[in-house]
**Q** 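A single structure is presented below for examination.
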Protein chains: 2
Amino acid sequence: MNAQSMPMTVRPEDERATLSEVLRGHGVGPTHQRIEIARALFSRMTHLSADQVLAAVNQRHAETSKATVYNTLKLFVEKGLVREVIVDPTKVFYDPNTSPHHHFYDVETGEITDIDGDRISILGLPALPEGKVAAGIDLIIRVRGAA
Amino acid sequence: MNAQSMPMTVRPEDERATLSEVLRGHGVGPTHQRIEIARALFSRMTHLSADQVLAAVNQRHAETSKATVYNTLKLFVEKGLVREVIVDPTKVFYDPNTSPHHHFYDVETGEITDIDGDRISILGLPALPEGKVAAGIDLIIRVRGAA
DNA sequence: GGTGAAGTTAGACAGAGTCCAATTCTTATC
DNA sequence: GATAAGAATTGGACTCTGTCTAACTTCACC
Ligand SMILES: [Mn+2]
Ligand SMILES: [Mn+2]
Ligand SMILES: [Zn+2]
Ligand SMILES: [Zn+2]
């Protein structure tokens with residue numbers, strides 16, 4: 001499931017039911033907190049830090065603790081619902097887009113932008129180190145505002 | 001300057017004089033602490049975290065504070081003596097190899113290995129976002145021990 | 001409705017990195 | 001070589017991200 005496959009507008013209770021199914025489909029038991037965290041990520045379809053998720057989820061009423069946000073994000077990563085993006089030395093970002101893709105990263109503003117994965121090809125990669133297996137390829141184009 | 005351009009064996013006082021010149025050549029005033037930090041990086045030619053630099057420099061006698069290590073590494077990055085490598089969400093690594101190159105990163109052991117930059121080509125990159133200028137391209141191949 | 005497992009939580013804790021005012025070095029000049 | 005002014009270093013307090021734990025709550029199932 002991804003955000004594009006959801007209708008543009010949904011009744012809130014339908015959205016929560018849909019998210020429940022998505023979670024179940026990935027082997028994650030749906031709870032109130034997990035659904036809200038999933039909603040924060042999938043409704044925005046942007047790259048959010050744990051702190052931003054925590055703030056988003058507790059916008060209206062305090063609903064979810066810091067510990068649960070961290071527990072849940074780790075669980076979502078394990079279950080393949082979201083992906084970690086490591087570009088900023090101070091915090092991890094969580095990416096609801098799990099299709100293979102790369103990133104622009106503005107080192108001044110912190111803005112992260114997707115680069116479609118299937119337009120890019122990387123040639124000339126050497127063999128992996130002996131006994132190692134690939135776990136992911138991250139391409140980050142660091143940019144800044146023109147001088 | 002890089003480690004390869006130095007003779008295999010040097011008298012310690014020659015090595016320090018050489019490093020002094022390297023620092024001056026990059027607009028960095030040489031001090032005891034900066035020379036020791038440069039030596040830690042350039043004599044090993046590996047990717048070290050700030051903590052590892054601190055430990056290396058204080059191996060024999062306590063010579064350098066944590067604050068100075070951080071100050072100095074930041075200065076070295078600004079002056080182009082070393083480069084930051086951002087692959088581990090918990091700490092920055094400092095890379096004395098400033099020629100364009102990429103990295104294998106073992107997510108289990110933390111080991112970082114260089115990939116020669118001029119064997120790699122990356123095709124199909126989209127135009128940079130409007131008004132932005134490239135600041136660097138980081139390609140990280142994440143690996144782990146075969147399952 | 002009762003029971004055990006799964007999930008949540010406050011708050012203590014750890015580690016990386018920053019900051020500051022006081023002190024010590026470096027370097028240029030005499 | 002002594003002097004003085006600017007540059008660099010320092011301990012330690014502080015911030016921030018993330019982890020951990022033991023108590024508590026909720027959920028699934030009978
Ligand atoms: Mn950090
Ligand atoms: Mn961190
Ligand atoms: Zn993305
Ligand atoms: Zn390297």
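Lettering follows sequence order; numbering is per chain, from 1.
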**Q** Rounded to whole Å, please give me the gap between CD in A/Glu84 and C1' in D/dT17.
**A** 13 Å

**Q** Using the side chain to side chain donor-acceptor pair (under 3.5 Å) rule, collect all pairs that involve residues 73-83 of chain B, keeping only residues at least two apart or in two chains.
**A**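 Counting only pairs at least two positions apart or across chains, no side chain to side chain donor-acceptor pair (under 3.5 Å) contact touches residues 73-83 of chain B.
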
**Q** Can you tell me how far P of D/dT10 sits from CD of B/Glu36, to the nearest Å?
**A** 12 Å

**Q** Within the sub-3.5 Å range, which N or O atoms of nucleotides 2-7 of chain C have a protein N or O partner, and how far apart are they?
**A**
from: C/dG7; atom 1: OP1; to: A/Arg34; atom 2: NH1; distance (Å): 3.0
from: C/dG7; atom 1: OP1; to: A/Arg34; atom 2: NH2; distance (Å): 3.4

**Q** When rounded to the nearest 0.5 angstrom, what is the spacing between CG in B/Asp106 and CD1 in B/Ile112?
**A** 10.5 Å

**Q** Round to a whole Å and report the spacing from NZ of B/Lys91 to C1' of D/dT19.
**A** 15 Å

**Q** With A/Leu139 as reference, evaluate B/Ile141, B/Asp138, B/Ile137, B/Ile140 under the side-chain contact (heavy atoms from CB on, under 4.5 Å) test and give the passing residue.
**A** B/Ile137

**Q** Does a side-chain N or O of A/His32 approach OP1 or OP2 of D/dC27 to a distance below 4.0 Å, or not?
**A**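 Answer is no, no contact under 4.0 Å.
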
**Q** Once you round it to whole Å, what is the distance between P of D/dT17 and CD1 of A/Ile86?
**A**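 A/Ile86 atom CD1 is separated from D/dT17 atom P by 16 Å.
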
**Q** A/Glu63 has an atom CD; how far is it from atom P of D/dT25, in whole Å?
**A**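 My rounded result for the distance is 18 Å.
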
**Q** Holding to side chain to side chain donor-acceptor pair (under 3.5 Å), I want the full list of residues that pass it with B/Glu63, two or more places apart in sequence or in another chain.
**A** none

**Q** Taking side-chain contact (heavy atoms from CB on, under 4.5 Å) as the criterion, tell me which of A/Thr98, A/Ile37, A/Asn71 meets it with A/Phe76.
**A**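 Exactly one pass, corresponding to A/Ile37.
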
**Q** Just the rounded figure in Å: distance from P of C/dG15 to CG of B/Asp51.
**A** 9 Å

**Q** Check the distance between D/dT17's P and A/Phe93's CZ and give it to me in whole angstrom.
**A**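 Distance check: A/Phe93 CZ to D/dT17 P gives 10 Å.
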
**Q** Within the supplied structure, the quantity of interest is the number of heavy atoms (other residues, nucleotides, ligands) at a distance under 6.0 Å from B/His32 NE2; does it exceed 12?
**A**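 It does not: B/His32 NE2 has 12 such atoms or fewer within range.
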
**Q** Roughly how far, to the nearest 0.5 Å, is the CG atom of A/Asp118 from the OG atom of A/Ser99?
**A** 8.0 Å

**Q** How many angstroms lie between atom NZ of A/Lys91 and atom CG of A/Asp51, to the nearest 0.5 angstrom?
**A** 7.5 Å

**Q** Heavy atoms under 4.0 Å, any strand shown: does A/Thr64 hit a base, just sugar-phosphate, or nothing?
**A**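 Sugar-phosphate contact only - A/Thr64 comes under 4.0 Å of backbone atoms but never of a base.
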
**Q** If you check the B/Ala50 side chain, which of C/dG17, C/dT26, D/dG18 turns out closest?
**A**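 Closest nucleotide among those given: C/dG17.
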
**Q** Which residue pairs satisfy the ring pair (Phe, Tyr, Trp, His ring centres under 6.0 Å) criterion with at least one member in residues 98-132 of chain B, sequence neighbours excluded?
**A**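 Of all non-adjacent pairs touching residues 98-132 of chain B, those that pass ring pair (Phe, Tyr, Trp, His ring centres under 6.0 Å) are B/His47-B/His103, B/His101-B/His103.
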
**Q** A side-chain contact here means heavy atoms from C-beta on lying under 4.5 Å apart; do B/Val22 and B/Leu81 qualify?
**A** yes

**Q** What's the spacing between A/Tyr94 OH and A/Gln52 CD if we round to 0.5 Å?
**A** 12.0 Å

**Q** Would you mind reading off the distance between A/Ile35 atom CD1 and C/dT8 atom P, rounded to a whole angstrom?
**A**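 It works out to 10 Å between those atoms.
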
**Q** Just report the end-to-end axis angle for the helix from C/dG1-D/dC30 to C/dC30-D/dG1, five pairs per end, to 10 degrees.
**A**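 The helix from C/dG1-D/dC30 to C/dC30-D/dG1 shows an end-to-end axis angle of 30°.
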
**Q** Name the pairs: protein N/O against N/O of nucleotides 18-21 of chain C, kept only if under 3.5 Å.
**A**
from: C/dT18; atom 1: O4; to: B/Lys66; atom 2: NZ; distance (Å): 3.4

